[in-house]
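The structure under discussion appears below in the form of structure tokens.
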Amino acid sequence: MKLLLAATLISAVACGGAPPFSGIECGTADERLESSYDASGRECVWNAYERGNAARWTLRSYTIEGDPIPTTLLIQPAGGIGLVVTRDTSADKFGGVGNQRVFTYRCSTMTKMPRRDDISRYSFILTNCTGDGPSTSVP
């Protein structure tokens, strides 16, 4: 079994595939408009960021109409990659022309932003970004 797994990984790398992620997996959250909040995923990401560790967290949020918006936050300090946010708005039926696509931000700074309605909950603000804009947020 180990030999098969090793052969599969070598084949994927040799064929141009990305190597497997080797950082901290902070999980996957499914958050509907204010009805759920993944505190442990956010804390995992924040702790990894503060310590300079690689981490990945996936969040699926939804528009007011119920369309899914998958977002991945990747912290990869090694190699100068930094913080990478990808947000897929292609399923947003009311997103407008040009906004129904995958956005990618490569950033160097992340801060916590407490929510106005409940300061025990927070989102992330990422700044000093390149790619699809100079800043972005992860709810």
Side-chain angles (χ1 to χ4, degrees):
M1 183 68 174
K2 287 182 182 180
L3 184 59
L4 179 59
L5 178 60
T8 303
L9 292 174
I10 290 168
S11 175
V13 171
C15 295
F21 179 69
S22 62
I24 300 164
E25 287 289 354
C26 292
T28 300
D30 192 77
E31 296 184 350
R32 302 220 176 238
L33 298 170
E34 301 301 321
S35 65
S36 59
Y37 178 80
D38 182 16
S40 63
R42 283 176 179 79
E43 282 300 307
C44 176
V45 166
W46 184 252
N47 290 335
Y49 175 69
E50 285 189 314
R51 293 182 179 123
N53 295 326
R56 178 172 51 195
W57 182 52
T58 304
L59 168 69
R60 182 181 302 266
S61 57
Y62 295 84
T63 65
I64 292 172
E65 299 83 14
D67 300 330
I69 308 294
T71 301
T72 299
L73 173 55
L74 175 68
I75 301 170
Q76 193 74 298
I81 296 170
L83 301 156
V84 180
V85 175
T86 55
R87 180 174 295 114
D88 184 352
T89 61
S90 58
D92 184 358
K93 296 179 195 86
F94 298 97
V97 176
N99 290 322
Q100 296 169 322
R101 63 186 185 88
V102 176
F103 291 83
T104 302
Y105 303 83
R106 287 177 176 73
C107 310
S108 63
T109 309
M110 182 169 70
T111 56
K112 285 181 174 181
M113 177 64 72
R115 293 190 178 176
R116 290 185 178 133
D117 60 337
D118 182 351
I119 62 170
S120 70
R121 294 182 174 199
Y122 58 89
S123 57
F124 297 116
I125 305 296
L126 291 93
T127 55
N128 301 316
C129 304
T130 60
D132 282 308
S135 66
T136 189
S137 64
V138 176

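Side chains are part of it too, since the values below use all heavy atoms of this structure and drop only hydrogens, waters and symmetry mates.
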**Q.** Presence of salt bridge, Glu31 and Arg42, under 4.0 angstrom
**A.** yes
I need the [X] [atom1] to [Y] [atom2] distance, nearest 0.5 Å.
| X | Y | atom1 | atom2 | result |
| --- | --- | --- | --- | --- |
| Thr58 | Asp30 | OG1 | CG | 11.5 Å |
| Ser40 | Asn47 | OG | CG | 11.0 Å |
| Asn128 | Thr109 | CG | OG1 | 4.0 Å |
| Asp67 | Gln100 | CG | CD | 9.0 Å |
| Ile119 | Met113 | CD1 | CE | 13.0 Å |
| Glu50 | Glu43 | CD | CD | 8.5 Å |

Mind listing the closest non-hydrogen atom pair of [X] and [Y] along with its distance?
| X | Y | answer |
| --- | --- | --- |
| Pro139 | Arg115 | C-NH2, 3.6 Å |
| Pro68 | Ala91 | O-CB, 3.9 Å |
| Pro77 | Gly52 | CG-O, 3.0 Å |

Q | Beyond-backbone contact of Asp132 with Arg101, side-chain heavy atoms, under 4.5 angstrom | A | yes
Q) Any side-chain heavy atom of Thr28 within less than 4.5 Å of one from Arg60? A)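 Thr28 does not reach Arg60 side chain to side chain.
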Q. Strictly by modelled atom types, are Asp92 and Ser90 linked by a side-chain donor-acceptor pair under 3.5 Å?
A.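 Judged by distance alone, the side chains do not pair up.
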(Q) Given 3.5 Å as the limit, does a donor-acceptor pair link the side chain of Thr104 with the main chain of Gly131, or not? (A)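 Looks like no, no N/O pair under 3.5 Å.
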Q: Supply the members, apart from Ile75, of the Ile/Leu/Val/Met/Phe/Trp/Tyr cluster built from side-chain contacts under 4.5 Å; use none for a lone residue.
A: Tyr37, Val45, Trp46, Tyr49, Trp57, Leu59, Leu73, Leu83, Val85, Phe103, Tyr105, Met110, Tyr122, Phe124, Leu126, Val138
Q: Check the pair Ile69 / Arg87 against side chain to side chain contact (heavy atoms under 4.5 Å, CB included), numbers first and verdict last.
A: CA-CA 7 Å; Ile69 308 294; Arg87 180 174 295 114; 3.6 Å; yes
**Q.** Summary of disulfide bond (SG atoms under 2.5 Å apart) pairs that have at least one residue in residues 85-139, sequence neighbours excluded
**A.** Cys107-Cys129
